[in-house]
Structure formats: C-alpha cells, structure tokens
Number of protein chains: 2
Amino acid sequence: MKKTILVFAVLILAILALLHFSKYAILVGDSSVEWIIAVIALLFFFIGIYINKRSLKKSSETSNEINIKTIEKLEISKREYEVLKAIASGLSNKEIAAQLFLSESTIKTHVSSLLLKLNAKRRTQAIQIAKEMNIL
Amino acid sequence: MKKTILVFAVLILAILALLHFSKYAILVGDSSVEWIIAVIALLFFFIGIYINKRSLKKSSETSNEINIKTIEKLEISKREYEVLKAIASGLSNKEIAAQLFLSESTIKTHVSSLLLKLNAKRRTQAIQIAKEMNIL
DNA sequence: AGAAGAATGGTACTTTAGTATGAGCCTCTA
DNA sequence: TAGAGGCTCATACTAAAGTACCATTCTTCT
C-alpha cells in the first residue's frame with residue numbers, strides 16, 4: 001500500500017512537470033486544454049481501476065501464502081494433502097485409491113491421520129475445517 | 001455496465017463545461033491550471049476505484065441470484081436445503097437430526113433425495129457439486 | 001550405519017452413510 | 001374433496017467410512 005502511494009505521488013509530479021511545458025503552448029491560443037485534461041482524467045481513471053484490481057489480487061494471494069504455513073504447522077504430509085484434496089472433490093476412498101494407484105487401506109490410514117491432524121470427526125468436517133483454514 | 005458508461009460520459013461533459021468558465025480565469029494569469037488538473041486527476045482516480053469496486057460487488061451478487069434459481073430448478077425443498085447446509089458444515093446425520101429436532105431417519109430420507117437431485121453418490125460429492133453450482 | 005518419519009498395506013471390528021419401501025400427516029390447489 | 005407434494009418416521013439392509021494395531025519398505029538426516 002505504501003508503494004502504490006509512492007508511485008502515485010511520482011505520477012502526479014511527472015504530470016505537473018509535463019504541464020509546465022504545455023502551459024506555454026496554451027498561450028498560443030487554442031482549445032487544447034480541454035483535450036489535455038480529458039486525457040489526464042481518463043489516465044487516472046484507469047490507474048484507479050488498475051490499482052484497485054491489483055490490491056484485490058494481492059489480498060487473495062496473501063491468503064494463499066497462509067495455506068502452506070498452516071499445512072506445515074499441522075504437519076500434513078504431501079500424500080495426506082493429496083488425499084485431502086481428493087476428499088474435497090467428493091471422491092470415495094476406493095476412488096482415491098484408484099486415482100493414486102494405492103490400496104484402499106492406505107487411503108484409510110491417510111484419512112485417519114488427516115482427521116486427527118485437522119481435529120475432525122468426519123471427512124465432511126475435515127473439508128469444512130480445511131476451507132476455513134484456507135488450506136483448500 | 002451500460003449505466004456506468006453513461007454516467008461516465010455525463011461526468012466528462014460536466015467537467016468540460018466547468019472548464020469553459022475556468023478558461024477565462026486562466027487568462028488572468030496564475031498557476032491555477034495545475035491545481036484544477038490535479039483535482040480532476042484525483043477525482044477520476046477515485047471514480048475509477050469506485051466503479052471497479054461496484055462492478056465487482058455486482059458480479060458477486062449476480063452469482064447469488066443464480067443460487068436460488070438453481071435450487072428451484074433442482075426442486076430442492078427448504079428442509080432439504082437446510083440439511084444440505086448442515087452437511088456442508090461437516091455434521092453427521094445424528095447431529096443434523098439433533099440440530100433440527102428431527103429423527104435420524106428423517107435426515108437420511110432428506111439426504112437420499114438430495115443426492116438424487118444433485119446427482120451425487122456421496123455427501124462429500126454433494127458438497128462439491130453444490131459449491132460448483134453456487135448453491136452454497 | 002542407524003534412528004526417525006513418511007508411505008504403504010493388511011486384518012478385524014465398530015460406526016456412519018446410504019438405499020428401499022411403506023406409511024401417516026399436513027397444506028395447497030385443481 | 002381428491003390428489004400432489006412436502007415432511008416426518010420406522011424397519012431392514014448393504015455399503016462405505018473410520019479405528020486400532022501391526023508390519024514392511026524407503027528416504028532422509030545425523
């Protein structure tokens with residue numbers, strides 16, 4: 001946010017400097033003032049839109065960064081995380097096993113440890129908790 | 001979107017008209033041009049931010065409107081929808097029954113018809129499908 | 001090399017989930 | 001008023017999900 005303000009200030013200064021030259025051109029006597037102002041207005045209009053969009057993107061990326069740290073804090077392994085994603089996509093243990101080329105008992109083991117680590121009683125609760133923690 | 005463009009056009013015209021008067025003031029000879037331009041730049045900057053935010057809000061509201069229509073299309077009743085929300089929050093059938101003051105078999109009936117209507121095989125899949133359809 | 005942890009899988013058992021079917025009750029509408 | 005649809009509940013099953021314990025293999029780190 002501090003960076004955008006700085007960039008913004010520099011832009012204003014640059015445009016003011018630009019005006020310093022165009023000021024003499026105005027004295028020649030035509031209606032180019034309106035044009036310059038219109039262009040500047042449009043420019044800042046789109047700058048506003050751009051900055052707003054970027055700040056929204058950044059905030060969503062920040063929540064993504066939290067993800068990985070949370071996963072590490074909970075000591076969820078890669079395989080377990082894969083299983084978690086598969087659960088969230090609505091697959092059964094058997095289907096997950098087929099997708100990852102594993103046996104169903106292996107999936108059950110992963111699921112059980114996942115439920116422990118997420119402090120959930122059911123896979124549906126695990127999905128809810130994981131989404132609340134921005135893990136999914 | 002068409003409305004915002006119209007409003008935008010009117011604003012530009014208004015400012016151009018305002019300039020028509022200030023033009024004569026400039027001929028008196030001071031550096032107020034920079035000030036006017038700076039104010040206009042700022043104004044349009046914030047207009048850009050405002051319009052961008054509003055359009056984002058509208059798009060999120062639109063997806064909310066789709067919800068209700070989709071629910072009606074799938075012929076999901078109020079009770080079934082309550083159960084669906086409870087499922088998505090990670091509750092078991094027994095817990096849902098307690099929450100809604102119903103018997104577990106009633107919940108099972110609702111869940112079964114929900115799975116049929118959502119074309120899901122499991123409750124986890126129902127959650128996934130419902131979220132994809134913006135029902136949840 | 002050896003400990004630690006991740007990944008894999010098996011057996012046996014308990015608990016939920018989900019299906020099928022039938023039935024009673026209520027409300028709204030043709 | 002009769003039927004349709006929604007809501008409730010029960011029984012009897014079958015199928016998943018989840019737990020507990022144990023064992024093996026494979027990295028990885030010290």
Side-chain angles (χ1 to χ4, degrees), chain A residues 66-133 135-136, chain B residues 66-133 135-136:
Chain A
I66 297 171
N67 281 9
I68 304 163
K69 287 176 186 170
T70 310
I71 293 171
E72 285 170 355
K73 272 182 192 169
L74 295 174
E75 297 181 339
I76 293 175
S77 67
K78 302 150 213 163
R79 258 325 198 200
E80 284 165 355
Y81 186 62
E82 284 185 88
V83 172
L84 178 59
K85 284 189 292 184
I87 288 174
S89 74
L91 300 177
S92 70
N93 289 338
K94 201 175 286 180
E95 287 169 338
I96 298 170
Q99 198 183 62
L100 301 179
F101 304 104
L102 297 174
S103 82
E104 195 184 340
S105 41
T106 305
I107 304 300
K108 282 189 177 183
T109 309
H110 287 322
V111 171
S112 281
S113 65
L114 259 175
L115 295 182
L116 260 176
K117 290 172 182 177
L118 286 172
N119 197 28
K121 288 175 186 170
R122 281 163 293 283
R123 45 172 54 208
T124 48
Q125 200 181 3
I127 294 173
Q128 195 269 326
I129 291 172
K131 288 201 175 166
E132 210 163 55
M133 283 177 161
I135 282 179
L136 281 178
Chain B
I66 295 170
N67 281 9
I68 303 163
K69 288 178 187 171
T70 311
I71 293 172
E72 286 171 354
K73 272 183 193 168
L74 296 174
E75 296 181 339
I76 293 174
S77 67
K78 303 149 213 163
R79 260 320 199 204
E80 285 166 354
Y81 187 63
E82 284 185 87
V83 172
L84 178 59
K85 283 190 292 183
I87 288 175
S89 75
L91 299 177
S92 69
N93 289 338
K94 200 175 284 180
E95 287 169 339
I96 297 170
Q99 199 184 61
L100 300 179
F101 304 104
L102 297 174
S103 81
E104 196 184 339
S105 41
T106 305
I107 305 300
K108 282 189 178 184
T109 308
H110 287 320
V111 171
S112 281
S113 65
L114 258 175
L115 295 183
L116 259 175
K117 290 172 181 175
L118 286 172
N119 196 28
K121 289 175 185 169
R122 282 163 292 284
R123 44 171 57 208
T124 48
Q125 200 182 2
I127 295 173
Q128 195 269 324
I129 291 173
K131 288 201 173 165
E132 211 163 53
M133 284 179 160
I135 283 179
L136 282 178

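So you know, we letter chains A, B, ... as the sequences are listed, proteins then strands, and number each from 1. Computed from heavy atoms alone, side chains included, the values below leave out hydrogens, waters and symmetry copies.
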Check side chain to side chain donor-acceptor pair (under 3.5 Å) between A:E80 and all other residues, then give those that pass, not counting sequence neighbours.
A:S77, A:S113, A:K117
Starting at OH of B:Y81 and ending at P of D:dC7, how long is that distance when rounded to a whole Å?
15 Å
In the 5'-to-3' direction, what one-character label does each nucleotide of nucleotides 8-30 of chain C receive under the scheme B = base within less than 4.0 Å of a protein heavy atom, S = sugar-phosphate only, - = no such atom?
BBB-----SBBB-----------
How many whole angstroms separate atom CD of A:E72 from atom C1' of C:dA6?
16 Å
Please identify each residue that fulfils side chain to side chain donor-acceptor pair (under 3.5 Å) with B:S103, with sequence neighbours left out.
B:S105, B:T106
Who are the salt bridge (Lys or Arg N to Asp or Glu O under 4.0 Å) partners of B:K108, not counting sequence neighbours?
none
Across all chains, not counting sequence neighbours, the side chain to side chain donor-acceptor pair (under 3.5 Å) partners of A:E132 are A:Q128
Nearest 0.5 Å, please: how far is CG in B:L116 from CD in B:E75?
12.0 Å
At under 4.0 Å between heavy atoms, which parts of nucleotides 23-30 of chain D does protein reach? Answer with one letter per nucleotide, 5' to 3': B base, S sugar-phosphate only, - none.
--------
For B:I107 and D:dA10, what is the distance between atoms CD1 and P respectively, to the nearest whole Å?
12 Å
Between the CD1 atom in A:I107 and the CG atom in A:L100, the distance rounded to the nearest 0.5 Å is 5.0 Å
When the rotation axes relating C1' atoms of four end pairs to the next four are compared across the helix from C:dA1-D:dT30 to C:dA30-D:dT1, five pairs an end, they differ to 10° by 50°
Between the CD1 atom in A:I96 and the NE2 atom in A:H110, the distance rounded to the nearest 0.5 Å is 10.5 Å
Separation of B:I68 CD1 from B:I76 CD1 (nearest 0.5 Å)
13.0 Å
Could you give the side-chain donor-acceptor pairs of residues 82-92 of chain B under 3.5 Å, partners two or more places apart or in another chain?
| from | atom 1 | to | atom 2 | distance (Å) |
| --- | --- | --- | --- | --- |
| B:E82 | OE2 | B:R79 | NH1 | 3.1 |
| B:S89 | OG | B:A86 | O | 2.8 |
| B:S92 | OG | B:E95 | N | 3.2 |

With sequence neighbours left out, write down each residue that passes side-chain contact (heavy atoms from CB on, under 4.5 Å) with A:L115, or none if nothing qualifies.
A:V111, A:A120, A:A126
